[in-house]
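Computed from a prediction, not measured in an experiment: that's the story for all the values here.
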Amino acid sequence: MYRFHDGDVEVFLVHPGGPFWAKKDLGAWSIPKGEFEPDEDPLAAATREFQEETGCVATGPFRPLTPVKQGGGKIVTAWAVEGDCDPATIKSNMFSIEWPPHSGKQREFPEVDRAAWLSIEEAKPRILKGQLPLIEELRRFLRSSKRKLV
């Protein structure tokens with residue numbers, strides 16, 4: 001999701017929840033995303049996952065972006081959509097893991113622990129390295145469509 005704010009474009013990024021990511025900032029943020037089944041429509045899955053991870057609803061029009069491959073090999077299929085979402089009100093679904101490791105205790109954590117609107121320059125050092133091409137492609141698209149970018 002992106003928006004225009006004070007003459008600049010901002011992207012909506014989320015920070016993953018859970019103990020592994022708790023003290024990480026640079027290179028840890030992500031677009032809201034999730035996995036989809038082979039027989040599932042990728043755009044329908046993307047809008048569902050966006051809502052599950054943020055509590056916000058994304059409505060089109062959606063512009064497909066070129067899929068990217070993250071460091072671990074995961075392929076991310078994404079769309080750009082102009083919209084707005086209040087980071088202060090995000091509500092994320094939860095996941096369970098054994099924590100602390102080897103303790104036999106299961107704990108629940110939110111998939112997303114916070115969200116923010118960031119300028120592209122602020123987002124570049126924070127987003128997962130493998131997702132950076134998505135932001136760059138969005139910037140190129142907005143420039144070519146003659147939207148004013150500072």
Side-chain angles (χ1 to χ4, degrees), residues 1-22 24-97 107-150:
M1 184 172 279
Y2 69 93
R3 71 179 184 184
F4 290 92
H5 183 74
D6 293 334
D8 199 6
V9 67
E10 293 180 328
V11 292
F12 188 74
L13 297 182
V14 295
H15 185 272
F20 178 77
W21 298 101
K24 294 179 172 58
D25 184 57
L26 298 179
W29 292 69
S30 173
I31 63 168
K33 61 174 181 32
E35 296 186 19
F36 59 91
E37 300 298 322
D39 61 339
E40 187 176 16
D41 175 63
L43 179 55
T47 56
R48 173 182 46 78
E49 288 286 341
F50 187 91
Q51 186 170 3
E52 287 176 1
E53 289 194 357
T54 66
C56 301
V57 176
T59 57
F62 295 92
R63 174 175 172 67
L65 299 172
T66 304
V68 295
K69 188 175 190 177
Q70 294 187 157
K74 182 177 186 177
I75 303 293
V76 177
T77 303
W79 287 261
V81 62
E82 188 171 359
D84 206 355
C85 185
D86 183 354
T89 63
I90 65 160
K91 294 180 182 159
S92 176
N93 52 344
M94 306 292 280
F95 71 96
S96 295
I97 60 167
R107 290 199 40 208
E108 283 201 342
F109 297 94
E111 281 196 34
V112 168
D113 63 11
R114 62 189 182 273
W117 283 105
L118 302 168
S119 71
I120 288 179
E121 291 310 311
E122 292 170 323
K124 285 168 68 173
R126 285 185 173 77
I127 197 165
L128 292 165
K129 185 178 177 181
Q131 293 180 22
L132 182 56
L134 298 171
I135 291 177
E136 295 295 351
E137 184 177 351
L138 172 66
R139 175 185 260 171
R140 285 190 305 275
F141 164 70
L142 294 173
R143 281 192 173 143
S144 70
S145 67
K146 311 259 190 277
R147 296 294 299 255
K148 183 179 177 185
L149 296 180
V150 175

Query raised in the report: With side chains defined as the heavy atoms from C-beta onward, is the minimum distance between R3 and F12 less than 4.5 Å?
Result: no
Query - Single hit among H15, E53, Q131 for side chain to side chain donor-acceptor pair (under 3.5 Å) with S30 - result: Q131
Query - Spacing of NZ belonging to K91 relative to CG belonging to N93, to within rounding of 0.5 Å - result: 13.5 Å
Query - For G27 against L128, the heavy-atom pair lying closest together - result: O-CD2, 3.1 Å
Query raised in the report: How far apart are the C-alpha atoms of V68 and L134, what are their side-chain angles, what is the distance that settles it, and do they pass the side-chain contact (heavy atoms from CB on, under 4.5 Å) test?
Result: CA-CA 7 Å; V68 295; L134 298 171; 3.9 Å; yes
Requested in this report: Supply the atom-to-atom distance I127 CD1 to E122 CD, rounded to the nearest 0.5 angstrom.
Outcome: 13.0 Å
Query raised in the report: Do R48 and E40 have side chains that get closer than 4.5 Å, going by heavy atoms?
Result: yes
Requested in this report: Indicate the atoms forming the closest heavy-atom contact of Q70 with K33, along with that distance.
Outcome: OE1-CE, 3.6 Å
Query raised in the report: Can you tell me if W117 uses its side chain to pair, donor with acceptor, with the backbone of C85 under 3.5 Å?
Result: yes
Query - Separation between CD of E82 and CG of L142, rounded to the nearest 0.5 Å - result: 8.0 Å
Query raised in the report: Hey, what do you get for CH2 (W29) to CG (L118), rounding to the nearest 0.5 Å?
Result: 6.0 Å
Report task. Check whether any side-chain heavy atom of W21 sits under 4.5 Å from a side-chain heavy atom of D113, and report yes or no. Result -> no
Requested in this report: Indicate yes or no: at least one non-hydrogen side-chain atom of V14 is less than 4.5 angstrom from one of I31.
Outcome: no
Query raised in the report: Is the shortest heavy-atom distance from the side chain of Y2 to the side chain of R139 under 4.5 Å?
Result: no
Requested in this report: Taking the side chain as every heavy atom from C-beta outward, state whether I97 and F20 have any pair of such atoms under 4.5 Å apart.
Outcome: no
Query raised in the report: Taking all non-hydrogen atoms of both residues, which atom of T47 and which atom of A58 are closest, and how far apart?
Result: CG2-O, 4.2 Å
Report summary line: When rounded to the nearest 0.5 Å, the distance separating CD of E137 from CG of L132 is 12.0 Å
Query raised in the report: Does a side-chain heavy-atom distance below 4.5 Å link E35 with E49?
Result: no
Requested in this report: List the atom of V57, the atom of M1, and the distance in Å for their closest heavy-atom pair.
Outcome: O-CE, 4.4 Å
Requested in this report: Quick one: sort the F95 and F109 rings into parallel, tilted or perpendicular, breaks at 30° and 60°.
Outcome: tilted
Query raised in the report: Are any of the side-chain heavy atoms of I90 and P110 separated by less than 4.5 Å?
Result: no
Query - Over all atoms of both residues, closest heavy-atom pair of S92 and E111 - result: OG-N, 3.3 Å
Report summary line: When rounded to the nearest 0.5 Å, the distance separating CG of L26 from NZ of K129 is 14.0 Å
Query - Heavy-atom neighbours of K69 NZ exceed 12 at 6.0 Å - result: no
Query raised in the report: Does H5 use its side chain to pair, donor to acceptor, with the backbone of S119 at less than 3.5 Å?
Result: no
**Report entry** Closest heavy-atom pair and its distance - A115, P87
**Finding:** O-CB, 3.2 Å
